[in-house]
Every structure is written in C-alpha cells, then in structure tokens.
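In listed order, ligands and their atoms are each counted from 1.
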Amino acid sequence: MIRKFISRVLSGKKNRPGAPTPAVIPVATHGISRDRISAGSRRVCETLQEQGHQAYVVGGAVRDLLLGVEPKDFDVATNATPEEVRRAFRRSRIIGRRFQIVHVMMGQEQIEVTTFRGELGDDAKKDEHGRVLRDNVFGSHAEDAARRDFTANALYYDPAAETVIDYHHGVGDLKAKTLRMIGEPKSRYREDPVRMLRAVRLAAKLGLVIDPEARRPIREMAELLENVPAARLFDEMLKLLTSGHAVKCITQLRDEGLHHGLLPLLDVILEQPLGEKFVMLALANTDERVRQGKGTSPGFLFAALLWHEALAHWEKLKAAGEPKIPALFQAMDMVLDVQAEKLAITRRIAADIKDIWLLQPRFDQRAGKRPYSLIEQPRFRAGYDFLLLRAEAGEVEMEVADWWTRFQNADGPERAQMLLPEPAGEKKRRRRRKKPASATAESDSPPAAA
Ligand code: ATP
Ligand code: MG
C-alpha cells in the first residue's frame with residue numbers, strides 16, 4: 001500500500017497528493033540508543049538542530065546498526081545549506097563542485113554533512129543513455145529520502161529523539177533481509193548504473209537478498225556500466241574488493257552477469273581458469289585481512305587480480321624471443337593499458353603493482369649477493385607476501401617461499417649457509433660482465449624455473 005503510494009509519488013509530479021508521511025519508529029522498537037552513534041556525528045546533529053535545522057544520521061550507518069554491524073562511518077543529512085553548515089562548525093570545509101557537501105572535523109572523526117537533495121526534475125541533465133550528469137538541487141526531507149537508492153539506505157536517525165524516520169519501509173525490508181530499490185529499478189539503474197554494483201556489494205556484505213524486481217533488470221542493463229566514468233568505477237570496485245566480502249561479491253557479480261565484457265578486470269579474473277584459483281585465494285586473503293582489521297593495499301590487490309593476465313603476456317613475449325626482463329616490462333604495460341581504458345587505476349597504484357611484479361623473478365635468485373639486496377628493497381614485504389600467495393596457489397614451489405621466510409629471520413652466518421651454489425653458467429657470465437666490451441645484460445639470462 002505504502003509502496004504503491006510512493007511509486008506513484010515518484011512516477012509523476014502531477015497527481016502528487018502532498019509529501020508522504022514517514023513512519024517514525026521509537027527506540028523501544030528499533031533498539032538503537034544514541035550512545036551507539038559516534039560522538040562526532042551526534043554533536044553535528046545537535047549543533048544544527050540547536051540552530052533550528054533538521055539534522056539526522058543517515059544511510060549506511062543506520063542500516064548497519066539495525067543489522068548489528070559496526071558502521072564504517074557516520075554521515076549526516078540536513079536541511080541546512082552547505083554554507084550554513086560550514087558557518088556552524090569551525091573545523092569544516094565545503095568540498096565538491098557538482099553537489100557540495102561539507103566535511104566537519106570533530107576530534108579525529110570526519111563527518112560528511114549533506115544537504116537534502118531535491119527530486120530530479122524532467123530537465124535534469126543526462127547523457128544519451130539516461131545517466132544523470134548533474135544533480136545539484138536541494139530539496140525537502142521526503143525528496144531526499146526518495147533520491148536514495150535502496151529502502152534500507154533511506155533511514156534517518158534522530159539522536160535527540162532516538163527515533164528512526166523511515167519513508168520507504170526500510171526497517172521492515174531490513175528485517176526481511178531484503179534489499180529493495182526505491183522507485184522503479186530500471187529507471188534508477190539508468191540514472192546511475194553504479195547502483196547495480198552497489199546492490200551486489202551491499203547484498204553480499206550484509207547478507208541481504210536483492211529483491212527480484214531490482215535483480216531482474218541487472219542482466220539486461222549491465223552494459224550501461226560502460227558509460228560510467230572510469231574513476232567512479234574504480235572507486236566502486238575498490239570498495240567492493242575491500243569490503244571484507246570480496247569472494248562473495250565477485251561470485252555474485254558473475255551470477256548477475258555483471259562481469260562480462262564490461263569490466264575488463266572481472267573478465268580477466270573470472271575467465272581464466274588458471275588465474276581463477278589464484279585470484280580467489282588473493283581475495284580470500286584480503287577478506288581475512290579486512291576482517292582482522294588489518295590494512296589492505298590497492299596495489300597488492302590489483303597486482304594479484306591482474307597477475308595471470310600479465311603472466312600470459314609475459315610467456316608469449318618470451319616464447320617470441322624477447323629477453324626475460326624487457327618482456328616482463330612490456331607485459332606489464334600491456335595489461336595496465338587495457339585496464340586503464342575502463343578502470344582509472346591511479347599512477348601510484350600502477351607503480352605499486354609494477355614494483356610487486358618486478359620483484360617476482362628476483363625470488364628465483366638465491367645465490368651470491370642478490371638475496372641480501374632483495375630483502376633491503378623497500379617493497380620487499382609486499383613482494384614476499386605476493387610470493388607466498390603464488391606458492392599457496394601452487395604456481396611456485398612452496399620450498400622457495402619457505403626459503404625466503406627462513407632467510408629473512410636468519411642471522412648472518414645462518415643466512416650465508418642458506419645460499420644456494422651459483423648456477424654453473426652464472427659465474428662465467430659474471431666474470432664476462434666485468435669486461436665492459438662483452439657485457440651481457442642481466443635480462444638476457446635464461447628464465448629461471450618459475
Ligand atoms: P557503505 O557501507 O559502503 O558506506 P553506504 O550505503 O553508506 O555503504 P555510501 O557510498 O557511503 O554507501 O553512501 C551513503 C548513502 O548515500 C547511502 O546509504 C545512500 O543513501 C546514498 N547513496 C550512495 N550512493 C548512491 C547512489 N548511487 N544512488 C542513490 N543513493 C546513493
Ligand atoms: Mg557510508
């Protein structure tokens with residue numbers, strides 16, 4: 001009943017019978033007392049309310065608290081304008097050009113404060129596929145709720161009254177473990193195709209089922225992701241991969257047909273039988289780290305995801321007679337160039353990926369002085385973790401990984417004893433290398449058994 005009413009409101013302004021009335025759920029029912037809200041976001045709401053504005057904790061934090069999950073951060077929505085918010089807090093600044101939001105610092109905490117957004121007018125600027133390009137009108141509380149993606153994300157918590165304000169039956173949907181789109185799913189995906197990825201990520205992360213109405217159109221609309229700017233796609237992929245539920249997310253993306261031909265990264269991950277085991281291990285490893293509260297580095301993650309693609313190119317180039325290390329450099333560029341078209345892997349992350357990959361052939365060298373210089377490399381740790389992953393996947397002998405584990409922990413004499421004898425050809429080559437005229441580049445050495 002309520003839902004029908006809401007979709008009527010959303011589908012046309014003409015017969016709009018006035019603003020919808022939300023359910024106001026008391027603490028006795030929802031169970032979230034104000035001490036569960038971060039001190040900073042509570043303070044932001046109080047200050048704005050004292051100045052006569054409406055202000056609520058909104059979105060993911062309310063949803064997560066209702067599910068008993070620790071929120072990542074606390075966002076605030078208000079009817080105060082960005083300028084009013086900025087004036088209300090000494091340590092605050094307005095960011096964003098398209099839709100201004102305010103970052104307020106409270107101690108160590110940064111709170112994102114957003115002014116209620118208005119309904120998308122018929123004149124909203126869109127691209128030729130219907131993706132909304134500009135979205136910067138302020139609106140009422142009800143309009144703000146209607147502009148959010150899922151009912152579970154459109155919940156507002158008032159710390160003063162300890163109530164949850166629910167315009168779209170979000171609390172009920174959460175109880176039923178359902179992720180339901182607000183409004184008509186197809187048009188909401190058209191407005192912003194990233195919502196398809198958000199649906200998969202949130203469902204996987206929170207153990208929710210995507211409502212069939214919202215799930216059905218995903219397969220046919222998947223190609224709309226092609227028009228999403230690369231940087232936005234990259235951000236969303238990173239969120240997904242570092243959600244602590246990457247394995248589940250990736251599996252579900254495949255089930256929804258969201259990987260095919262759209263995100264080269266996912267094609268790569270899921271359609272290389274050799275790489276799949278490695279990637280799944282890497283993701284499980286990342287999930288574990290996230291759950292233990294350890295950091296994850298995007299460089300390491302993408303190095304793992306793209307490794308088998310790089311390996312394939314590398315092997316091909318070597319087979320065509322290219323020397324080992326130049327071949328690896330070429331292979332890296334080939335892989336990263338393809339990804340760059342769709343995913344804006346930043347320069348820094350690309351540099352991290354290359355560092356990790358370039359260290360790999362060096363782990364084969366366990367004689368002479370080389371192991372000593374390798375462990376002094378600034379990126380040794382990441383390279384070594386990557387080696388462990390390769391060993392776990394069966395791509396490198398476990399004995400090699402174990403050797404490096406022991407070598408790092410050994411003292412001087414023990415290390416010296418561990419060194420392998422120089423390969424027969426190696427000494428000769430070294431001697432030759434000393435004479436500049438006949439120097440042989442390291443890259444010309446035969447590929448070590450990997
Ligand atoms: P997370 O746990 O990843 O932070 P979240 O739902 O809080 O999940 P955010 O990206 O922090 O995700 O967004 C905050 C809120 O903004 C959401 O809960 C939702 O209400 C709204 N929102 C975010 N992205 C969209 C979108 N693409 N379309 C509509 N509403 C959105
Ligand atoms: Mg959030």
Legend entry - Nearest non-hydrogen protein atom, atom 6 (O) of ligand 1: Arg63 NH1, 2.8 Å
Legend entry - Interfacing atoms of ligand 1 (cut-off 4.0 Å, heavy-atom, Arg201): 1 (P), 3 (O)
Inset, instruction - Find all atoms of ligand 1 within a distance of less than 4.0 Å from any non-hydrogen atom belonging to Arg232, and give their numbers and elements. - result: 27 (N)
Legend entry - For the student: nearest non-hydrogen atoms of Arg195 and Met181, plus distance: CB-CE, 4.4 Å
Inset, instruction - Write out the residue and atom name of the closest protein heavy atom to atom 10 (O) of ligand 1, then the distance separating them to 0.1 Å. - result: Lys239 NZ, 2.9 Å
Legend entry - Interfacing atoms of ligand 1 (cut-off 4.0 Å, heavy-atom, Arg147): 29 (C), 30 (N)
Inset, instruction - Examine the proximity of ligand 1 to Met181 and report which part, side chain or backbone, both or neither, has a heavy atom under 4.0 Å away. - result: neither
Inset, instruction - Only heavy atoms count here, so choose which of Arg198, Glu236, Arg148, Arg195 is nearest to atom 22 (N) of ligand 1. - result: Arg198
Legend entry - Interfacing atoms of ligand 1 (cut-off 4.0 Å, heavy-atom, Lys72): 1 (P), 2 (O), 3 (O), 4 (O)
Inset, instruction - Examine distances only and state if a side-chain atom of Gln110 and a backbone atom of Met105 form a donor-acceptor pair shorter than 3.5 Å. - result: no
Inset, instruction - Determine, considering heavy atoms only, which of Val69, Asp235, Asp75 sits nearest to atom 14 (C) of ligand 1. - result: Asp75
Legend entry - Whether over 12 other heavy atoms sit under 6.0 Å from Glu397 CD: no
Inset, instruction - Please determine if Asp73 has a nitrogen or oxygen closer than 3.5 Å to a nitrogen or oxygen of ligand 1. - result: no
Inset, instruction - Closest by any non-hydrogen atom to atom 25 (C) of ligand 1: pick that one out of Thr151, Val58, Asp149, Asp192. - result: Asp149
Could you pull out all donor-acceptor pairs under 3.5 Å where a side-chain atom in residues 207-217 meets a protein atom, sequence neighbours excluded?
from	atom 1	to	atom 2	distance (Å)
Arg215	NE	Glu256	OE1	3.1
Arg215	NE	Glu256	OE2	2.9
Arg215	NH2	Glu256	OE2	3.3

Inset, instruction - Check ligand 1 against Lys205 and write out every atom of the ligand that is under 4.0 Å from a heavy-atom position of the residue. - result: 2 (O)
Inset, instruction - Identify whether NZ of Lys or CZ of Arg in Lys318 sits under 6.0 Å from the centre of the six-membered ring of Trp314 and within 45° of that ring's axis. - result: yes
Inset, instruction - Answer yes or no: are there more than 12 heavy-atom neighbours, outside Lys248 itself, under 6.0 Å from its atom NZ? - result: yes
Inset, instruction - Count the heavy atoms of every other residue, nucleotide or ligand shown that sit under 6.0 Å from CZ of Arg90, and state whether that count exceeds 12. - result: no
Inset, instruction - Using the salt bridge (charged side-chain N to carboxylate O under 4.0 Å, His left out) rule, take Glu220 and Lys186 through it: C-alpha gap first, then chi angles, then the decisive distance, then the call. - result: CA-CA 10 Å; Glu220 63 188 85; Lys186 280 192 182 173; 3.6 Å; yes
Inset, instruction - For Gly59, take its heavy atoms, then give the atoms of ligand 1 lying under 4.0 Å from any of them. - result: 18 (O)
Legend entry - Side-chain heavy atoms of Leu336 within contact of Ile353, under 4.5 Å: yes
